[in-house]
Amino acid sequence: MKTRPFGPAIRQGAVSLLLTWVELASSSGVWAGAWEGYGRSVPRPRYEQDEGANPNHRFGVREAFTPYRDPDRSEAESLPDPLRDPAFASYRLIVVVNKTDSAFWGKGQTLRVYRRGEGLLYYWLISTGLPGFETPSGYFIPQGFSSRHWSGPYDAPMLWSVFFNGGVSLHSSLDRDALYKLGRAADSHGCVHIEDHRAEELYHLIGQSGYGLIDQIGRHTGRPVRAGKAPKKISGYRTLIIVAPTAHYSQAGETSDSSQPGEPAEPAGAVQAPPETDTRDTPEPPANYLDLF
């Protein structure tokens with residue numbers, strides 16, 4: 001049976017409850033013990049609460065673990081720029097995770113980072129979820145930070161984790177063999193694997209993107225959620241995480257559409273779906289929530 005997405009209040013409460021449970025479990029010793037001489041972290045709702053937060057982080061990726069190499073940046077430079085969508089004006093950073101090849105979204109198994117005032121900042125190779133563990137598509141905002149996280153079920157490190165949908169996160173891929181798979185095939189249990197130096201950079205970019213009132217964007221529509229006639233405001237990080245394929249964003253006021261890869265875009269002036277309204281009251285279970293434990 002298909003479930004409906006979280007209502008904003010329920011989603012926030014569910015995430016808070018989940019993170020509280022994780023912290024209680026940590027204090028009881030579930031995650032006790034050192035990891036390479038360091039304690040393991042648990043998800044915190046705010047960047048500055050996590051032990052990896054660093055307001056003096058030196059931005060700019062200058063190295064990579066062999067054999068990783070960034071893809072050709074020219075592949076991404078002509079793709080639609082999400083910063084041009086007026087609905088995203090309250091966001092300073094936009095991360096586009098693309099799972100499959102598409103004329104609109106670009107090459108599959110790639111990640112793009114856009115920063116307001118600068119445009120396209122980075123273009124990287126990634127790996128998303130395996131069949132049966134697919135990374136959820138849609139529009140998300142950061143929910144938690146854990147710089148030295150550890151997955152209990154898979155007994156694996158998840159460095160520089162930024163959680164955005166329950167237990168699904170953007171995080172480092174430390175397995176050197178897995179670096180060969182970045183950009184080629186889905187290889188995770190739902191999370192987005194990124195080369196380690198790049199995952200660290202993204203963790204700090206998102207954490208330092210600012211926290212405040214933002215326009216809530218509908219997960220499945222990519223359009224502002226409305227409370228009456230006005231866009232609904234929520235508190236959160238000024239980072240929008242888009243996992244494609246999903247509904248297309250618009251270009252400088254053009255009509256958006258919900259075309260999937262291989263489908264033609266609707267012409268300008270086409271009838272749009274009504275904006276998403278804040279009427280949902282049934283939470284959607286966190287995808288792959290066991291990645292948290």
Side-chain angles (χ1 to χ4, degrees), residues 34-41 43-44 47-48 50-77 92-99 106-115 118-129 135 142 144-151 154 156-164 168-210 237 239-243 291:
W35 168 28
E36 297 178 357
Y38 296 88
R40 300 175 185 176
S41 61
R44 307 287 185 177
Y47 166 79
E48 61 271 18
D50 184 60
E51 62 183 37
N54 179 11
N56 299 314
H57 175 74
R58 184 186 176 195
F59 287 102
V61 176
R62 299 167 183 83
E63 56 185 321
F65 284 108
T66 304
Y68 178 84
R69 295 183 64 181
D70 284 336
D72 185 350
R73 183 184 172 92
S74 65
E75 295 175 354
E77 289 176 340
R92 296 174 181 167
L93 196 75
I94 299 180
V95 179
V96 179
V97 174
N98 184 29
K99 297 182 287 186
K107 189 175 181 180
Q109 298 300 306
T110 59
L111 180 151
R112 310 195 302 274
V113 181
Y114 296 84
R115 186 157 61 181
E118 298 179 64
L120 179 64
L121 195 63
Y122 291 121
Y123 179 50
W124 301 330
L125 300 177
I126 58 166
S127 281
T128 56
T135 304
F145 298 82
S146 186
S147 56
R148 296 191 66 81
H149 197 71
W150 191 277
S151 171
Y154 306 111
M158 296 168 59
L159 286 178
W160 309 115
S161 285
V162 179
F163 293 89
F164 63 90
V168 180
S169 75
L170 308 161
H171 71 80
S172 162
S173 177
L174 283 179
D175 182 350
R176 298 298 171 257
D177 291 334
L179 292 175
Y180 287 99
K181 298 180 181 179
L182 294 181
R184 299 184 189 179
D187 191 49
S188 82
H189 289 90
C191 290
V192 179
H193 289 181
I194 310 169
E195 189 276 332
D196 187 66
H197 297 91
R198 283 143 188 80
E200 180 180 5
E201 180 86 349
L202 189 59
Y203 166 91
H204 292 295
L205 280 170
I206 294 174
Q208 297 183 32
S209 63
Y237 281 90
T239 295
L240 184 64
I241 300 169
I242 306 173
V243 182
D291 278 352

Quiz item: Does atom CZ of R62 have more than 12 heavy-atom neighbours from other groups under 6.0 Å away?
Solution: yes
Quiz item: Taking only residues at least two apart or on different chains, which pairs with a member in residues 189-198 satisfy salt bridge (Lys or Arg N to Asp or Glu O under 4.0 Å)?
Solution: D70-R198, E195-R198
Quiz prompt | Which residues share a side chain to side chain contact (heavy atoms under 4.5 Å, CB included) with Q208, sequence neighbours left out | solution = Y47, H57, F59, H204
Quiz item: F164 and V243: side chain to side chain contact (heavy atoms under 4.5 Å, CB included), yes or no, with the steps?
Solution: CA-CA 10 Å; F164 63 90; V243 182; 4.0 Å; yes
Exercise. Quick one: closest heavy-atom pair of T135 and G129, and the distance?
Key: OG1-N, 2.9 Å
Exercise. Looking only at non-hydrogen atoms, find the nearest pair between P142 and I206 and report the distance.
Key: CG-CG2, 3.5 Å
Self-check item: Non-hydrogen atoms of P43 and F163 that approach each other most closely
Solution: CG-CE1, 3.6 Å
Quiz item: Donor-acceptor pair, R92 side chain versus S209 backbone, under 3.5 Å?
Solution: yes
Quiz item: Should we count CZ of R73 as having more than 12 external heavy atoms under 6.0 Å?
Solution: yes
Quiz item: Just how far is it from atom CG of L182 to atom CZ of F65, taken to the nearest 0.5 Å?
Solution: 12.5 Å
Quiz item: Can you name the residues that form a side chain to side chain contact (heavy atoms under 4.5 Å, CB included) with P67, not counting sequence neighbours?
Solution: L179, Y180
Quiz item: Can you name the side chain to side chain contact (heavy atoms under 4.5 Å, CB included) partners of D72, sequence neighbours left out?
Solution: S74, E75
Quiz item: Looking at CG of L240 and OH of Y114, how far apart are the two atoms once the value is rounded to the nearest 0.5 Å?
Solution: 12.5 Å
Self-check item: side-chain hydrogen bond (donor to acceptor under 3.5 Å, both in side chains) partners for T128, two or more places apart
Solution: Q109
Quiz item: Any side-chain heavy atom of L202 within less than 4.5 Å of one from L111?
Solution: yes
Self-check item: Heavy-atom donor-acceptor pair, D50 side chain to R44 backbone, under 3.5 Å
Solution: no
Quiz item: Between Y237 (side chain) and L93 (backbone), is there a donor-acceptor pair under 3.5 Å?
Solution: no
Quiz prompt | Residues forming a side chain to side chain contact (heavy atoms under 4.5 Å, CB included) with E63, sequence neighbours excluded | solution = H197
Practice problem: Could you grab the distance from atom CD of E48 to atom CG of N54, nearest 0.5 Å is fine? | Solution: 13.0 Å
Exercise. For the pair N98 (side chain) and T110 (backbone), establish whether a donor and an acceptor sit closer than 3.5 Å, ignoring hydrogens and angles.
Key: no
Quiz item: Nearest 0.5 Å, what's the OG-CZ distance between S172 and R148?
Solution: 10.5 Å
Quiz item: Among M158, K181, H193, whose side chain to side chain contact (heavy atoms under 4.5 Å, CB included) with S188 holds?
Solution: H193
Quiz item: Do L159 and H171 come close enough that some side-chain heavy atom pair is under 4.5 Å?
Solution: no
Quiz item: So do W160 and I194 actually touch side chain to side chain, heavy atoms under 4.5 Å?
Solution: no
Quiz item: Judged by atom type as modelled, is there a donor-acceptor pair below 3.5 Å linking the side chain of S146 to the main-chain atoms of S41?
Solution: yes
Self-check item: Distance, nearest 0.5 Å, that separates OG of S169 from CZ of F145
Solution: 11.5 Å
Quiz item: Are any of the side-chain heavy atoms of L170 and V97 separated by less than 4.5 Å?
Solution: yes
Quiz item: Which atoms form the tightest heavy-atom contact between S127 and G183, and what is the distance?
Solution: OG-N, 4.3 Å
